[in-house]
Amino acid sequence: MDYTPKSEHKFTFGLWTVGNVGRDPFGEPVRQPISPVESVHLLGEVGAYGVNFHDNDLVPIDASGSERDQIVRDFKAALRETGLVVPMATTNLFADPAFKDGAFTSNDPKVRAYAMQKTMNSIDLGVECGAEVYVFWGGREGTESDATKNPAESIKRFREALNFLCRYTQDQGYNLRFALEPKPNEPRGDIYLATVGHALAFIETLDHPEMVGLNPEVAHETMAGLNFLHGVAQAWEAGKLFHIDLNDQAPGRYDQDFRFGMVNPKNAFFLVKFLEDVGYDGNRHFDAHAFRTEDYEGVKDFARGCMRTYLILKEKARQWNADSEIHALVQEINADDGSAPSWAGGYSSDKANTLKAHTFDRQALGARGLPYERLDQLTVELLLGVR
Ligand code: DIG
Ligand code: MN
Ligand code: MN
């Protein structure tokens, strides 16, 4: 079986992922920084399809106009040389001290205005490089103490910013959709729009909800103690899965951004199976980074591992779907003997009356054995390679 990544797989990485220098709250960098051009060539070498960036991953926050233009020229040349594309871009509204108390939700109107200016310029840069999805991760949009902000006012500020930026994007004629990326906490004590559920509800309150969807991340829903697949499935079912951040995470830990499948390959399997079964055609973006122990050969191992694991699990999903014993169990589980009154597919008073008049054998309903142990064991054995 060939697990070589190809463009058709749409595997992407952010400049900040393979360019991560290994700094953490308790340690200095362990790797020398590499340039955006070097990152593009590294990703080309390992077989990625595309590269994403925050504005300041590519253009330093204090670069002059001419420096910006030269950096973008060099970056575009590397894209041409490698064939990589830029499907997504985003704004760094979390590193600079100006955003220490948030960006769109900052209590300082000058900071909120600066965040809007920075985001518009970053949207321009992303579109110039080919981005069609624009991610909003509100890393500093939150609090340590709720004495400092009224959370309802913060949501209003967030909404006003996104409504303005949707109109800016329309006004510029950009072919761009926005993707909100939830996270429950870190670096703020608590972050607004903490989960996929919060974000889905918030989107419906916007002036242009059709332009705004989700960029769910494995680690972030896991940090919230939630089932990541369920959040992804709800976003997909709502037509809002515009992008996805793949990585891995142990529950109850800081945001680990591990290599895809590194902690919980079974959860990763169910996620890959879902994405492939429903025909998700967006980018498979690995928002992750190598262990701090690695040199740049290790960083390449990390990037290759993300893509290989996805492709191996994609093949496992095909095997699962083709497994006759598994298929028979799925059929048995979902069998309908037609004895219950049909009511789905829209209300009618006839349906309601028929259903209310029906007599159910409640004990029999509860006595029915479900072969879930067998089904899950077969799944585990398939993943362990004995089926
Ligand atoms: C962190 O998970 C966030 C930032 O890295 C970025 O804004 C976004 C893009 O995938 N993910
Ligand atoms: Mn993360
Ligand atoms: Mn992310």
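Whatever order the structure lists them in is the order used to number ligands and atoms, beginning at 1. None of these values were measured; they are calculated from a predicted model. Starting from 1, each residue takes its place in the sequence as its number.
When the shell of 6.0 Å around CD of E8 is examined, it contains more than 12 heavy atoms from other residues, nucleotides or ligands. Environment of NZ in K100: sparse, with no more than 12 heavy atoms of neighbouring residues, nucleotides or ligands closer than 6.0 Å. Residue E373 qualifies as open at atom CD: its count of foreign heavy atoms under 6.0 Å is 12 or below.
Counting only heavy atoms of the protein, atom 9 (C) of ligand 1 lies nearest to E181 OE1, 3.4 Å. Nearest protein neighbour of atom 1 (C) of ligand 1, counting heavy atoms only, is D287 OD2, 3.3 Å.
The shortest N or O to N or O distance between D245 and ligand 1 is under 3.5 Å. The N/O atoms of D255, backbone and side chain alike, include none that comes under 3.5 Å of an N/O atom in ligand 1. Here's the thing with W137: none of its N/O atoms is less than 3.5 angstrom from an N/O atom of ligand 1.
R259 and T309 share no side-chain donor-acceptor pair at under 3.5 Å. A donor atom on one side chain and an acceptor atom on the other are not found under 3.5 Å apart for D108 and S106. A side-chain donor-acceptor contact under 3.5 Å links Y174 and D124. Side chains of N247 and D257: a donor on one and an acceptor on the other come within 3.5 Å.
D287 contributes OD2 as its N, O or S atom closest to the Mn ion (ligand 3). When distances from the Mn ion (ligand 2) to the N, O or S atoms of D257 are compared, OD1 comes out shortest. If you look at D255 and ask which of its N, O or S atoms sits nearest the Mn ion (ligand 2), the answer is OD2. Taking the Mn ion (ligand 3) as reference, D245 places its N/O/S atom OD2 nearest. The minimum distance between the Mn ion (ligand 3) and any N, O or S atom of E181 involves atom OE2. Per residue E217, closest N, O or S atom to the Mn ion (ligand 2): atom name OE2.
Proximity of D257 to ligand 1, defined as any heavy-atom pair under 4.0 Å, is not found for any part of the residue. Heavy atoms of K183 found under 4.0 angstrom from ligand 1: none, in either backbone or side chain.
The N215 neighbourhood of ligand 1 comprises atoms 10 (O), with distances under 4.0 Å to a heavy atom of that residue. Remark: ligand 1 atoms within the under-4.0 Å shell around heavy atoms of H285 are 10 (O). Against a heavy-atom cut-off of under 4.0 Å, E217 is close to the following atoms of ligand 1: 2 (O). Those atoms of ligand 1 with a heavy atom of M88 less than 4.0 angstrom away are 9 (C), 10 (O). Close approach of ligand 1 to T90 (heavy-atom distance below 4.0 Å) involves ligand atoms 7 (O). Residue contact check: H220 has heavy atoms under 4.0 Å from atoms 2 (O) of ligand 1.
The side-chain heavy atoms of E332 and P371, taken from C-beta on, include a pair separated by under 4.5 Å. Considering only heavy atoms from C-beta on, K314 comes within 4.5 Å of H9 through its side chain.
For the ligand labelled ligand 1, residue H54 lies inside the 4.0 Å heavy-atom shell.
Ring geometry for F136 against Y134 counts as perpendicular: the plane angle is over 60°, on a 0 to 90° scale with 30° as the lower cut. A perpendicular orientation is assigned to the rings of Y310 and F286, their planes being inclined by more than 60° (bins at 30° and 60°).
Tested against W137, the residues F104, F178, F94 include a single ring-ring contact (aromatic ring centres under 6.0 Å, His included) partner, F94.
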